[in-house]
Amino acid sequence: MMITLQKTVLAAGTALSLIAVPSAAFAWCSGGYAQTTIAEQLEEAVSTHGADTISVGDLHLFNRHALETPPNARSAGGFLSIHNYSSEPNRLVSASSPVSERVELHTMTMEDDIMRMRELEDGIELPGETQVDLERGGLHIMFIGLEDPFVEGDEIPVTLTFASGESREIMLPVRARTMDHGSMDHGNGHGHDHGNHN
C-alpha cells in the first residue's frame, strides 16, 4: 500500500514541512499501516506553538528571536523554545553563525547578587517529552564578537546542531529591547561575571 505524505498548508499561505517522520506517525490496523497523526502533529504544533514552528526530527523549534543591540555592542543573545516530542533525550550540542566571531551555548544564574554567565561546553540537554526554553536570564545562545549590531526587524542566521545528528540553519528575528529584563544586557556586560570567556 502506498501512502503519500503531503505538506500541510497553514493559514496565510505559510507551509510547514515535516523534516523527519517519527515512528509514532503510523498506527497498525487490520488493513496494514495507516497514516494517522502526521498532519495532526503539524497542526497541533502550529496551534500550540505558532506558525513560526520549525520541525527538526522530533524537535519543534519556536518563539525564535534575538535582541537588538547598541551600536558598539560586541555580543548579543539569541533565544528560542525547543519541544522534544520523542521519549528519547536529545541535546543541542553547538551553534554557529556568520554574524559573529563565535557562538556559544550559555546559562545565566544569580549568585550573591551577581549575574554569572557560563558556557555549557557539553551543550543544552533536551529531555524526552519535555520543552526547554532558552530565554533571558537563563539558558541562551551567545553571539560573541559581532560583525555588526543587531537591528530590530533584521533576521539573524544561526545553525543549530543536535546530538541526534540533525543540523539546521534557522533565522532569529530581532526584537526591540525592553527595560523589563535589563539585567540581561549582552550589549555591554556590566555587572556580569562571564566566567569561562577568554
Side-chain angles (χ1 to χ4, degrees), residues 49-50 52-54 56 59-84 89-127 130-198:
H49 305 313
D52 69 340
T53 301
I54 294 176
V56 182
L59 304 175
H60 286 167
L61 317 181
F62 57 100
N63 194 24
R64 299 168 284 116
H65 64 285
L67 295 178
E68 64 178 352
T69 62
N72 61 346
R74 294 293 295 157
S75 58
F79 314 94
L80 74 157
S81 294
I82 304 173
H83 195 125
N84 183 4
N90 205 331
R91 182 177 295 270
L92 174 60
V93 296
S94 66
S96 61
S97 176
V99 304
S100 60
E101 295 175 3
R102 67 184 191 273
V103 183
E104 298 177 353
L105 303 175
H106 279 207
T107 185
M108 182 176 285
T109 57
M110 289 293 296
E111 298 178 17
D112 299 325
D113 295 327
I114 297 176
M115 187 162 282
R116 302 184 184 276
M117 212 179 305
R118 178 172 59 89
E119 181 183 8
L120 298 173
E121 296 182 355
D122 294 331
I124 296 174
E125 185 177 359
L126 305 172
T130 300
Q131 178 175 311
V132 175
D133 297 310
L134 281 62
E135 56 190 359
R136 299 177 74 179
L139 298 169
H140 60 282
I141 299 169
M142 186 76 168
F143 299 87
I144 302 171
L146 297 183
E147 298 290 336
D148 297 292
F150 287 6
V151 178
E152 182 184 5
D154 286 352
E155 291 194 328
I156 306 303
V158 58
T159 298
L160 305 180
T161 300
F162 300 92
S164 54
E166 291 98 350
S167 184
R168 168 68 75 87
E169 181 181 81
I170 64 172
M171 305 300 289
L172 303 180
V174 179
R175 298 179 182 175
R177 181 180 296 277
T178 58
M179 298 304 294
D180 56 339
H181 290 87
S183 58
M184 185 177 182
D185 186 347
H186 288 80
N188 54 41
H190 295 326
H192 294 168
D193 180 356
H194 288 264
N196 294 338
H197 290 176
N198 297 320

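On a predicted model such as this, the values are computed, not experimentally measured, just so you know. The residues of the chain are indexed from 1 along the displayed sequence.
- A side-chain donor-acceptor contact under 3.5 Å links Arg177 to the backbone of Glu68.
- Of the inter-residue distances, the one linking Leu134 atom CG with Ile124 atom CD1 reads 4.0 Å to the nearest 0.5 angstrom.
- Exactly one residue among Val158, Ile156, Ile54 makes a side chain to side chain contact (heavy atoms under 4.5 Å, CB included) with Arg64. That residue is Ile54.
- The side-chain contact (heavy atoms from CB on, under 4.5 Å) search around Pro89 returns none, not counting sequence neighbours.
- Side chains of Thr130 and Asn84: a donor-acceptor N/O pair is absent below 3.5 angstrom, by distance only.
- The distance from atom CG of Asp133 to atom OG of Ser81, rounded to the nearest 0.5 Å, is 3.5 Å.
- By the 30° and 60° cut-offs, the orientation of the rings of Phe143 relative to Phe150 is perpendicular.
- To the nearest 0.5 Å, the span separating OG1 on Thr53 from CG on Leu59 amounts to 12.5 Å.
- The ring-ring contact (aromatic ring centres under 6.0 Å, His included) check on His83 picks up His49, Tyr85, with sequence neighbours excluded.
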For residues 90-99, please give each side-chain donor-acceptor pair under 3.5 Å, one per line with the distance, not counting sequence neighbours.
unit_1 : atom_1 : unit_2 : atom_2 : d
Asn90  : OD1    : Ala163 : N      : 3.4
Asn90  : OD1    : Ser164 : N      : 3.2
Asn90  : ND2    : Ser164 : OG     : 2.9
Arg91  : NH1    : Asp122 : O      : 3.3
Ser97  : OG     : Val99  : N      : 3.3
Ser97  : OG     : Pro157 : O      : 2.5

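- For Asn63, the side-chain hydrogen bond (donor to acceptor under 3.5 Å, both in side chains) test picks out Arg175, with sequence neighbours left out.
- The OG atom of Ser75 lies 9.0 Å from the NE2 atom of His106; values are rounded to the nearest 0.5 Å.
- Each side chain to side chain donor-acceptor pair (under 3.5 Å) pair with one or both residues in residues 148-163, not counting sequence neighbours, appears once here: Thr161-Ser167.
- When the salt bridge (charged side-chain N to carboxylate O under 4.0 Å, His left out) test is applied to Glu147, no partner is found at least two apart in sequence or on another chain.
- Counting heavy atoms from C-beta on, the side chains of Leu160 and Val56 never come closer than 4.5 Å.
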Do Leu105 and Ile141 pass the side-chain contact (heavy atoms from CB on, under 4.5 Å) test, and can you show the C-alpha distance, the side-chain angles, and the key distance before you say yes or no?
-> CA-CA 5 Å; Leu105 303 175; Ile141 299 169; 4.1 Å; yes
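- Under the 4.5 Å side-chain criterion, counting only non-hydrogen atoms from C-beta, Met142 is not in contact with Glu119.
- Rounding to the nearest 0.5 Å places NE2 of His140 at 9.0 Å from CG of Leu120.
- A salt bridge links Glu104 to Arg102: at least one charged side-chain nitrogen sits closer than 4.0 Å to a carboxylate oxygen.
- Not counting sequence neighbours, the partners of Glu101 by the side-chain hydrogen bond (donor to acceptor under 3.5 Å, both in side chains) test are Arg74.
- Between Ser100 and Leu146, the closest heavy-atom pair is CB-CD2, 4.0 Å.
- Taking CZ from Arg136 and CE from Met108, the interatomic distance works out to 9.5 Å, rounded to the nearest 0.5 Å.
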